[in-house]
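Whatever order the structure lists them in is the order used to number ligands and atoms, beginning at 1.
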Amino acid sequence: MSETAASKVKTQLFIGGEWRDAEGGRTLDVHNPATEEVLASVADASVADGAAALSAAAAAQADWAKTAPRDRSEMLRKAFELLTERADFFAELMTLEMGKPLAEAKGEVVYGSEFFRWFAEEAVRISGRWSTAPNGATRLVTMKQPVGPCLMITPWNFPLAMGTRKIGPALAAGCTMVVKPAAETPLTMLALAELVQEVGVPAGVLNVITTSDSGGVMEPLIRDSRARKLTFTGSTNVGRNLVEQSAEQLLRVSMELGGNAPFIVFDDADIDKAVEGAMLAKMRNIGEACTAANRFFVHESVAAEFSKKFAEKMAEMTVGNGMDDGVTVGPLITAKAVAGVQELLDDATSRGAKVVTGGTPVEGKGFFFTPTVLTDVPGDARMAAEEIFGPVAGIQTFTDEDDVIARANATEFGLVGYFFTQDFSRAIRVSEALEYGMVGVNQGIVSNPAAPFGGVKASGFGREGGFEGIEEYLETKYVGLAL
Ligand SMILES: O=CCCCC(=O)O
């Protein structure tokens, strides 16, 4: 075990404001994907531990809901400030357990902490409505109340921000919660729990359980009538199962699932800007993001120029341990992830795609893959339908606007689409035509705490962040007042 940020994290379960071992003292190892070394061993929760966490959340709900909004707001504001102060510590933790380069991890701390600041501001703006019924006989009053105890399942790719994006609005709305981070990256969430405890959030409001048996531990909680909401960020397949389980208690559900983002470069685009956007849309987080550009559609007349410039930039990237200076591409999360990327690449080349740069994993310790650009990717290649989740970009060409929109929409997913054009009318037309929850015009990133993040179709439902984010944690109650 190394003397790093990882060794400073409390590794027990956080239940009812106390740190405790898992039943039977079971633990699970957390690995560094760059070195394959064990970073820490954390508590491995059982079904009984999960139930204890939900009991704590249920017991704390009524009092937490009564807390003054200003108090909840101040706690969130303090949490934002502490996270900002401890940015280096949280960034190091994320680089160690997830692999992203340190500079990107610092960027995630800024992004993630902003959800606390945003929802600190929203906590005091929850309001209802007063109106007169059309017949004039009664008054209609609506009020917003917290949904109740929430279950949160967060992913490994953004260990902090995907937590704060759920925890922030839940705290602001007056909900208690049980958070289960991914087994690959539990340390960031455990450190966050300590910070939330420090800012005065009462015992039982936030509970964190880490486990190697996510399905086994969470399913009974999802089926427990004390839970009122489930929010999940992860794959579409897992999301479908969770929605089915949620049907039993008819939980409120938010699902932030997979993507298959199109990235379209029109013939009138500023090509250098498009290349810059492509680098961000593809390579942010080593390509391990649901928002990652997955299918590049480039107008035939600019395809050669775009592909050449894009491939040059990709080839300039430095692959290595995210803790090292100058590294811009860290490891993928597991050996299985590397094998998955390789499979999609082999499938594409076997169907005629050409490798312009990269195309191979890196030999030795760690789960590295070289930044890769492919051209001539056929529409029936697996990577045109499945999330690549790695540093591989496949380019196809097009000639007609309607045709490219149809191809961009021809997927079960609908999270985010990107396109580059300098034609204002086209910008409006294409934004309206893309069947996606989010659209980036002349930009390769859409994520912003002040904007509603979320998808349509198999990318899920519900919105996180923006004014919409807090609504996911509020119920509307209507009171009819007779005169
Ligand atoms: O994999 C999806 C995580 C979304 C990260 C973001 O907010 O951009």
Salt bridge check, [Y] against [X]: does any charged N sit closer than 4.0 Å to a carboxylate O?
X	Y	answer
R284	E108	no
R382	E386	yes
R165	E464	yes
E81	K78	no
R463	E471	no
R125	E121	no
K144	E475	no

For atom 8 (O) of ligand 1, what's the nearest protein heavy-atom neighbour? Residue, atom name and distance, please.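 I find the closest protein heavy atom is S447 OG, 2.4 Å.
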In terms of residue, atom name and distance, what is the protein heavy atom nearest to atom 5 (C) of ligand 1?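 Checked against all protein heavy atoms, atom 5 (C) of ligand 1 sits closest to F158 CE1, 3.5 Å.
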May I ask whether A161 has any heavy atom positioned less than 4.0 angstrom from an atom of ligand 1?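 Per 4.0 Å heavy-atom rule, A161 does not contact ligand 1.
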Ligand 1 contacted by R165 (non-hydrogen, < 4.0 Å):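 Checking ligand 1 against R165, which is what was asked, there is a heavy-atom contact under 4.0 Å.
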Have a look at ligand 1 and work out which part of R284, if any, has a heavy atom under 4.0 Å from it: side chain, backbone, both or neither.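 The answer is the side chain.
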What are the atoms of ligand 1, with element, lying closer than 4.0 Å to any heavy atom of [X]?
X	result
N157	1 (O), 2 (C)
M162	3 (C), 4 (C), 5 (C), 7 (O)
A289	1 (O)

Looking only at distance, does [X] have an N or O less than 3.5 Å from an N or O of ligand 1?
X	answer
Y111	yes
T233	no
E288	no

Scan side-chain atoms only and decide if R228 and Q249 contain a donor-acceptor pair under the 3.5 Å cut-off.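 There is no such pair between these side chains.
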Just going by heavy-atom distances, which of G465, C290, A292, G112 is nearest to atom 4 (C) of ligand 1?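 Nearest option to atom 4 (C) of ligand 1, by heavy atoms: C290.
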